[in-house]
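Presented below is the structure to which this report refers.
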Amino acid sequence: MQEPTTLPSDGSPPSNLDAEVSIIGSLLIDGDAILRIEPFLRPEHFYGEQNAEIYTACRELFMESVGIDQETVRDRLIAKDILEDVGGDAYLSAAVAATPHSVHIVDYAHLVHNAYVIRQLGQAGIQINEIGSNYSNTRDVDRAVKAAEEIIFRIGQTYESADFLPIRDARSIIEFFDPPTVDDTDESNQPIATGFESLDRVLGGFHRSDMIVLAARPGFGKSTLALNVGLNAAKNGKTVGIFSLEMGIDQVAHRMAAAHARINIQNVRNDHLTAAERDRLSDAYGYLSDMRIYVDDAALQTASALSAKARRLKLQAGLDFLIVDYMQLISGSSSGGREANRVQEVSEISRYLKAIARDLNIPVLACSQLNRAVEQRKSHEPRLADLRESGSIEQDADVVMFIHRDDKNMSEEEWNRRNPTQVYPRGLTEIMIAKHRHGPTANIEMSVRDEWGLFSSVSEPGMD
């Protein structure tokens, strides 16, 4: 076995040439060994140029379904006119002689890859130093930090990618036959309960690694419902992160406290409170202060910066659930301001959010706007095609929910004229689960008190 990669004392870039030679030797004596390393090891991960060229030849043969051995690799190098450049037959023979077998090829590949990552970190240090020199204006500090975070984030993406696994390795199968013996109270992989029984009954809670999209027209209660779910999750001991691009942290606190204390939000904001309400608000603020809720209220967010911040919060606080309010206010990397570019941006944002959910193993609840097509429809019922600016939102999401409210679409007078035998649905709403990757769709009736900022199951007392 090779020794771990260490930093050279002479200041040269870190590498593990012995491991590189051992990989080449392993492939030349056992061509099938490439199946074990090709999914994550790339030619650019090698420090020795001749080793990178030989490995490239091996990968080419593999892709063409040609057997890999010393003779076929030699012929490929001759065809590319680089055999002598990589050391000729003598180098290939020496690699074989130095490697008795291919058993440890995966270990060698990880050593080579780790050395590459360390070299990339060194280059990142140089780039970050250049950023520090170029952003001399202190007003640009946020842009500088985001640029530096993006460099580090890209390095993190070079780690081993997923590859095919036998179905027997699925965690659900393994744990069915051999249940884990860890503490039964460990809920690190359990779904996040929304706190609404009817919603949880259909969805089974918000599942880890899922992206859930909550969409509606402005003023229908997207933020309210998202914050309600976030508060319910925090009450159950979960760590909740909120990217609030539209509201400041004080507005978020006002809304959560008002919902918990069932006080008119406007009275909280304007400080027009009775003595009893002030006492309830004091209790609510104290209760909120004990919750593990973190709010980032930066109005300008890029998808990459949002991803980096979420990862950092996960490391620092153990993030369980993330809310993004709302998607269309995030900036992507595209520029130019044209509609086509914006569609690309929203597609990129959607992919980032789904990646956050999977990489951090948390549910991500993303609020989204709907386009105006829903307003032209007689029923005003939203459809998946109404998701604003990008079809990729529907594609990436595991769950898509709409908020449909007749009392927002129609005045009481118009309702009575059209439906003379039906009571005006004031404060009633349908949560329409239009997409559910893991189960059924459904329409769930709920109550809402806009002045409190509170959604609730219809049967819950105290909503009258």
Side-chain angles (χ1 to χ4, degrees), residues 191-192 194 199 203 205-218 220-233 238-247 252 293-311 313-314 319-332 342-371 382-403 431-438 455:
I192 302 296
T194 68
L199 198 57
L203 299 178
F206 288 166
H207 290 263
R208 305 279 177 162
S209 82
D210 276 4
M211 180 174 106
I212 303 99
V213 172
L214 176 62
R217 289 295 294 158
F220 275 54
K222 296 186 301 296
S223 300
T224 295
L225 183 55
L227 293 181
N228 284 180
V229 174
L231 181 57
N232 290 339
K238 305 302 181 185
T239 301
V240 178
I242 303 172
F243 284 106
S244 180
L245 289 87
E246 195 171 33
M247 296 185 292
V252 172
I293 299 174
Y294 299 84
V295 181
D296 184 323
D297 63 357
L300 299 176
Q301 298 271 15
T302 63
S304 60
L306 186 147
S307 177
K309 289 179 179 181
R311 293 168 192 276
L313 181 59
K314 176 76 171 182
L319 182 62
D320 294 305
F321 178 42
L322 183 66
I323 296 170
V324 179
D325 186 22
Y326 59 89
M327 288 180 67
Q328 283 80 10
L329 291 179
I330 302 171
S331 299
R342 184 54 186 164
V343 170
Q344 293 172 5
E345 279 192 332
V346 174
S347 298
E348 176 189 352
I349 291 160
S350 177
R351 289 193 299 271
Y352 260 99
L353 295 180
K354 177 58 181 174
I356 291 171
R358 292 197 58 181
D359 293 348
L360 301 187
N361 193 34
I362 60 172
V364 173
L365 176 60
C367 297
S368 175
Q369 291 280 27
L370 295 177
N371 60 39
R383 301 171 183 171
L384 290 171
D386 298 328
L387 288 169
R388 185 173 170 184
E389 294 180 322
S390 177
S392 66
I393 298 175
E394 174 191 348
Q395 175 182 316
D396 295 333
D398 297 279
V399 175
V400 177
M401 302 187 299
F402 298 121
I403 300 175
I431 306 301
M432 304 173 65
I433 303 174
K435 177 183 178 181
H436 185 194
R437 199 186 299 275
H438 313 300
F455 279 77

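All residue numbers in this chain count up from 1 along the given sequence. Keep in mind the model is a prediction, meaning the values are calculated, not measured.
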If we only count heavy atoms from C-beta on, is the [X] to [Y] side-chain gap below 4.5 Å?
| X | Y | value |
| --- | --- | --- |
| Arg358 | Leu353 | no |
| Val399 | Arg437 | no |
| Glu246 | Leu329 | yes |

Quick one: pull up [atom1] in [X] and [atom2] in [Y] and give me the separation to the nearest 0.5 Å.
| X | Y | atom1 | atom2 | answer |
| --- | --- | --- | --- | --- |
| Leu225 | Phe455 | CG | CZ | 5.0 Å |
| Phe206 | Lys238 | CZ | NZ | 14.0 Å |
| Ile242 | Leu322 | CD1 | CG | 9.0 Å |
| Asn232 | Phe321 | CG | CZ | 9.5 Å |
| His207 | Asp398 | NE2 | CG | 10.0 Å |
| Phe243 | Met327 | CZ | CE | 13.5 Å |

Any idea which heavy atoms bring [X] and [Y] closest together, and the distance?
| X | Y | answer |
| --- | --- | --- |
| Asp396 | Ser350 | OD2-OG, 2.6 Å |
| Ile192 | Ala233 | CG2-CB, 3.7 Å |
| Ile330 | Ala303 | CG2-N, 3.6 Å |

**OP:** State which residue, out of Leu365, Ile349, Val364, fulfils the side-chain contact (heavy atoms from CB on, under 4.5 Å) condition with Val324.
**Re:**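 Result for side-chain contact (heavy atoms from CB on, under 4.5 Å) with Val324: Val364.
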
Original post:
Which of these, Cys367, Pro218, Ser244, Ser368, sits in a side-chain contact (heavy atoms from CB on, under 4.5 Å) with Tyr326?
Top reply: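 It is Cys367, the one option of Cys367, Pro218, Ser244, Ser368 that forms the side-chain contact (heavy atoms from CB on, under 4.5 Å) with Tyr326.
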
Subject >> Contacts of Thr194 that satisfy side chain to side chain donor-acceptor pair (under 3.5 Å) - sequence neighbours left out >> reply: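 Listed in chain order: Asp200.
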
Original post:
Excluding sequence neighbours, so at least two apart, what forms side chain to side chain donor-acceptor pair (under 3.5 Å) with Asp325?
Top reply: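 In terms of side chain to side chain donor-acceptor pair (under 3.5 Å), with neighbours along the sequence ignored, Asp325 is linked to Ser223.
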
**OP:** Decide yes or no on side chain to side chain donor-acceptor pair (under 3.5 Å) for Asp210 and His438, but give the supporting numbers first.
**Re:** CA-CA 10 Å; Asp210 276 4; His438 313 300; 3.1 Å; yes

**OP:** Could you please spell out the steps behind the side chain to side chain donor-acceptor pair (under 3.5 Å) verdict for Ser307 and Arg311?
**Re:** CA-CA 6 Å; Ser307 177; Arg311 293 168 192 276; 3.2 Å; yes

Subject >> Those residues that, when tested against Thr239, pass side chain to side chain contact (heavy atoms under 4.5 Å, CB included) (two or more places apart) >> reply: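 Expected list: Arg292, Tyr294, Ala317, Asp320.
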
**OP:** Name all residues meeting the side chain to side chain contact (heavy atoms under 4.5 Å, CB included) criterion together with Ala397; count only those two or more places apart in sequence or in a different chain, and write none if there are none.
**Re:**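 Ala397 satisfies side chain to side chain contact (heavy atoms under 4.5 Å, CB included) with Met211, Val213, Val400 once adjacent residues are dropped.
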
**OP:** Could you tell me whether a side-chain N or O of Lys354 sits under 3.5 Å from a main-chain N or O of Ser209, the two making a donor and an acceptor?
**Re:**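 Yes, Lys354 side chain to Ser209 backbone: donor-acceptor pair under 3.5 Å.
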
Original post:
Is the side chain of Arg217 donor-acceptor paired with the backbone N or O of Leu370 at a distance under 3.5 Å, no angle test?
Top reply: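 Judged by distance alone, yes, a pair lies under 3.5 Å.
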
Original post:
Can you check side-chain contact (heavy atoms from CB on, under 4.5 Å) on Ile212 and Met401, steps first, answer last?
Top reply: CA-CA 8 Å; Ile212 303 99; Met401 302 187 299; 3.9 Å; yes

Original post:
Ile293 and Val252: side-chain contact (heavy atoms from CB on, under 4.5 Å), yes or no, with the steps?
Top reply: CA-CA 11 Å; Ile293 299 174; Val252 172; 5.9 Å; no

Subject >> salt bridge (Lys or Arg N to Asp or Glu O under 4.0 Å) partners of Lys314, counting only residues at least two apart >> reply: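 Testing Lys314 for salt bridge (Lys or Arg N to Asp or Glu O under 4.0 Å), a comparison that skips the adjacent residues, returns none.
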
Original post:
For Asp297, which residues count as a salt bridge (Lys or Arg N to Asp or Glu O under 4.0 Å) partner, sequence neighbours excluded?
Top reply: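 Counting only residues at least two positions away or on another chain, Asp297 forms no salt bridge (Lys or Arg N to Asp or Glu O under 4.0 Å).
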
